[in-house]
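Working notes, structure below.
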Amino acid sequence: SMTSMISEGIKVSVETTYQPDFSNPLQSEFVFSYHITIENHNAFPVKLHRRHWYIFDSDATFREVEGEGVVGVQPTILPGKSYEYTSSCNLNSEIGKMNGHYEMENLFNKKFFFVDIPAFEMIVPFKGN
């Protein structure tokens, strides 16, 4: 399922996929990958400096993840261009959700700003007989 949102002229789209090969339901380990596309609709280049995630699990656990860049890089995204990456999240239950924000810099005026990452759900597909 795909979800997207625009804030501060930056469009963030997220697509999630359950990863059964890396999951172990008997150990309450459910792994999801998420593919993110960040499109710069502004007239200025931006640099992604930091990410901040809020991860909610349906077993009522909550985690925050904060750090530099994404997947080890701090990409610069030119006007009209986009940057894509894939990462993953482990849940302790079959349903969870994430949202967060990026801290970016306008490379023309050196001002920092926040871009919202839309909330998205991670749900293990139901296996009927």
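What you see is a predicted model; the values in this text were computed from it and never measured. Residues take their numbers from the sequence shown, with the count starting at 1.
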Worksheet entry | Residues clustering with L26 (ILVMFWY side chains joined when closer than 4.5 Å, directly or via others) |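 Listed partners: none, L26 stands alone.
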On the 0 to 90° scale, with breaks at 30° and 60°, tag the [X]-[Y] ring pair as parallel, tilted or perpendicular.
X: F30; Y: Y18; answer: tilted
X: F56; Y: F62; answer: tilted
X: F114; Y: H101; answer: perpendicular
X: F112; Y: H49; answer: tilted

Are the side chains of [X] and [Y] in touch, meaning some heavy atoms are under 4.5 Å apart?
X: R63; Y: C89; result: yes
X: P118; Y: V14; result: yes
X: V71; Y: V73; result: yes

Of all residues at least two apart in sequence or in a different chain, which pass the side-chain hydrogen bond (donor to acceptor under 3.5 Å, both in side chains) check with [X]?
X: E64; value: H52
X: N99; value: none
X: S33; value: Q19
X: R50; value: E66

Fill in: L48, I77, T76 screened by side chain to side chain contact (heavy atoms under 4.5 Å, CB included) with N40, the one that passes
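When side chain to side chain contact (heavy atoms under 4.5 Å, CB included) is applied between N40 and each of L48, I77, T76, only I77 qualifies.
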Worksheet entry | Pairing residues for F113 by the side-chain contact (heavy atoms from CB on, under 4.5 Å) criterion, not counting sequence neighbours |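 Residues passing side-chain contact (heavy atoms from CB on, under 4.5 Å) with F113: E8, I10, F44, V46, M104, N106, V115.
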